[in-house]
Amino acid sequence: MEAEKTNDEREGLDFIRRAIEEDNKSGKWGGRVATRFPPEPNGYLHIGHAKSICLNFGVAEEYNGTCNLRYDDTNPSKEEEEYVKAIEGDVRWLGFTPANVIFSSDYFDTMYEYAVDLIKKGLAYVDDQSAEDIRKNRGTLTAPGTESPYRNRSVEENLELFDKMRKGDFPDGSKVLRAKIDMASPNLNLRDPVMYRILHESHHNTGTKWCIYPMYDWAHGFEDSIEKVTHSLCTLEFENHRPLYHWFIDAVNKGRPEDKKIWHPQQIEFARLNLTYTMLSKRKLLTLVEEGRVKSWDDPRMPTISGFRRKGYTPEAIRAFCKHIGMNKFNSTVEISVLENFLREDLNKRAPRRLAVLRPLKVVITNYPEGQTEELEAINNPEDESAGTRTLPFSRVLYIEREDFAEVPPPKYFRLFPGNEVRLRYAYFIKCTNVVKDASGNITEVHCTYDPATKGGNAPDGRKVKSTIHWVSAADSIPAEVRLYDHLFKTPDPEDVPEGADWRSNLNPNSLEVVTAQLEPSLKSAKPGDRFQFERHGYFTVDPDSTEGKLVFNRTVSLKDTWAKESQKGAKKK
Ligand code: ATP
Ligand code: MG
């Protein structure tokens, strides 16, 4: 456990933790902290959900409390078993253990009892108006609503109709159960909100037992209440729903003796996470999957937790990011580079370094004996001595990166060009003597000489070279498919499209580039999920698409933030 925090550290507490500490001090909840993470299983979790997960499970951990994973499965049509499995897997991968895994639908019986209770108290009624009329009669922010002609039905009639609704006597959309609150309330959520609607649809958990389903506002508070949640943490869009959250629980408690009252939690709202170049709406992400614009929910370009995982992100980096952004009361947008920097920081410490040539160009060392191979020592991770060393085979024919050679060097180009000498990482100095071209003038190979005295990378005569490039031995290297990813959207705000245009027109057509790379042979034994730094390129992970004999790598993140550089350049030009 953490040591007692000093007053200074407490100052840094966000408003939610501050509220919890105040409650603990006053004994409001008997010192207990119980939270929940309540996703609707209608898609995969995304990085926005990670913020909520880190908060809910995080405070439970910090204050010795509990956090439930609760599937908010009150809506039968959109929910699928696949999502349920994926969600729990993602929560656990992030490093959290739910105290209980619960389905809201398990509470349908209790919610039904509460609804009958409200009808008996004259606080709910069956309305025969169409959905359209209900909407029309709701009024606006400036005009009060109009009461339904069915609002004053007797308790007996309401009980009978609601029972028939449950039994399946009425078609979809023909009736709803509404709370009887106030059609003139300045808060539109309190203008007789719908509690139940009729839906003759089978549910993944309750099957065909129900043909009426509770609405979110009616259900959510009771789910929290049944689980004796102390702090119901949700996003800002629910701030206007809070009075209703309390009204429903108060309505059930009305007239009950103290010992029969149901648990009444409190709701606290925080800002959603928005990230540049990132779409955080399950509905829209589903569209991308369904329309084949990405390969799957866990396509590494997707902002889903499973997409980030497949791309090579670590749970530690995501948690450190969530801790860094903290909690606030105003919606804002965080730069994706902030998340990427946490990942770089984490991988820098733990990813073994390897040499990989992404776009190979053949180099022949003409003064190196044919058929000879030697093993050169290379350091696995300069940040971690315990990672040790490995050897790299060196021979007469090598591959270097195409962009590390220029036949006619542009100004300030210090890499390989005719007449210039460079260092091969962990190996020798080489000097370019000439290039070989095919009939159409394309360079097919570059000829160089090496200086045997520079073994290990330094010249005994003290002469310097201006650059060090990476390489692999052609005969020993292994080919691999490498998938290079870029942002899925072209603009920082994915919804930023010209008037009338669809958000999908903003998809980046170059979000995936596939190259055939040549890797140093030690990578042969890499397994899906293993992470490496390919020197000078970035961090890469083995994709599960890999098969025996054909490795597939994903670029997790480049070494530097190339987009920031681009936008700086743009800014300077202006
Ligand atoms: P979406 O619009 O993507 O479907 P949602 O809010 O409907 O999101 P839920 O499954 O209902 O998704 O969300 C579960 C929990 O995660 C809720 O408490 C919700 O407030 C929270 N959450 C969802 N998106 C974000 C986000 N971008 N930032 C922080 N919390 C989020
Ligand atoms: Mg939702």
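All ligand and atom numbering here is 1-based and tracks the order in the structure. Quick note: residue numbers are just sequence positions, from 1.
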I need the single residue from Asp299, Asp298, Asp90 that forms a salt bridge (charged side-chain N to carboxylate O under 4.0 Å, His left out) with Arg309. Which is it?
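Of Asp299, Asp298, Asp90, salt bridge (charged side-chain N to carboxylate O under 4.0 Å, His left out) with Arg309 is met by Asp90 alone.
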
Do any nitrogen or oxygen atoms of [X] come within less than 3.5 Å of a nitrogen or oxygen of ligand 1?
{"X": "Pro38", "value": "no"}
{"X": "Leu233", "value": "no"}
{"X": "Lys51", "value": "no"}
{"X": "Arg283", "value": "no"}
{"X": "Lys282", "value": "yes"}

Can you name the atoms of ligand 1, numbered from 1 with element, that are less than 4.0 Å from a heavy atom of [X]?
{"X": "Pro39", "answer": "10 (O), 14 (C)"}
{"X": "His49", "answer": "8 (O), 9 (P), 10 (O), 12 (O), 13 (O), 14 (C), 16 (O), 22 (N), 23 (C)"}
{"X": "Thr235", "answer": "19 (C), 20 (O), 29 (C), 30 (N), 31 (C)"}

Is it the side chain (CB and beyond), the backbone, both or neither of Ser281 that lies under 4.0 Å from ligand 1, heavy atoms counted?
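The answer is the backbone of Ser281.
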
Regarding Gln129 and Lys136, do their side chains bring together a donor and an acceptor under 3.5 Å, going by distance alone?
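The answer is no; no qualifying pair exists.
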
Centres of the [X] and [Y] rings: under 6.0 Å?
{"X": "Tyr112", "Y": "Trp210", "answer": "yes"}
{"X": "Phe15", "Y": "Phe270", "answer": "no"}
{"X": "Phe108", "Y": "His203", "answer": "yes"}

Take atom NZ in Lys254; do more than 12 heavy atoms of anything else shown fall under 6.0 Å from it?
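Not more than 12 within 6.0 Å, no.
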
Side chain to side chain, Asn75 and Glu40, heavy atoms closer than 4.5 Å
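The answer is yes; the side chains approach within 4.5 Å.
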
Picking from Leu512, Asp486, Asn508, what satisfies side chain to side chain contact (heavy atoms under 4.5 Å, CB included) with Arg301?
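Exactly one option meets the side chain to side chain contact (heavy atoms under 4.5 Å, CB included) with Arg301, and it is Leu512.
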
Considering Leu273, Asp72, Ile87, Ile47, which one's heavy-atom position lies nearest to atom 27 (N) of ligand 1?
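Among Leu273, Asp72, Ile87, Ile47, the closest heavy atom to atom 27 (N) of ligand 1 comes from Leu273.
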
Closest to atom 6 (O) of ligand 1 among Met327, Arg272, Glu40 (heavy-atom distance):
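Checking each option, the heavy atom nearest atom 6 (O) of ligand 1 is found in Arg272.
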
Mind checking whether His46 has a heavy atom under 4.0 Å from ligand 1?
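It does; at least one heavy atom falls under 4.0 Å.
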
Would you say Phe37 touches ligand 1, if touching means a heavy atom closer than 4.0 Å?
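Yes; Phe37 lies near enough to ligand 1 that a heavy-atom distance drops under 4.0 Å.
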
For Tyr313, does its backbone N or O pair with a side-chain atom of Thr556 as donor and acceptor, under 3.5 Å?
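No; zero donor-acceptor contacts below 3.5 Å.
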
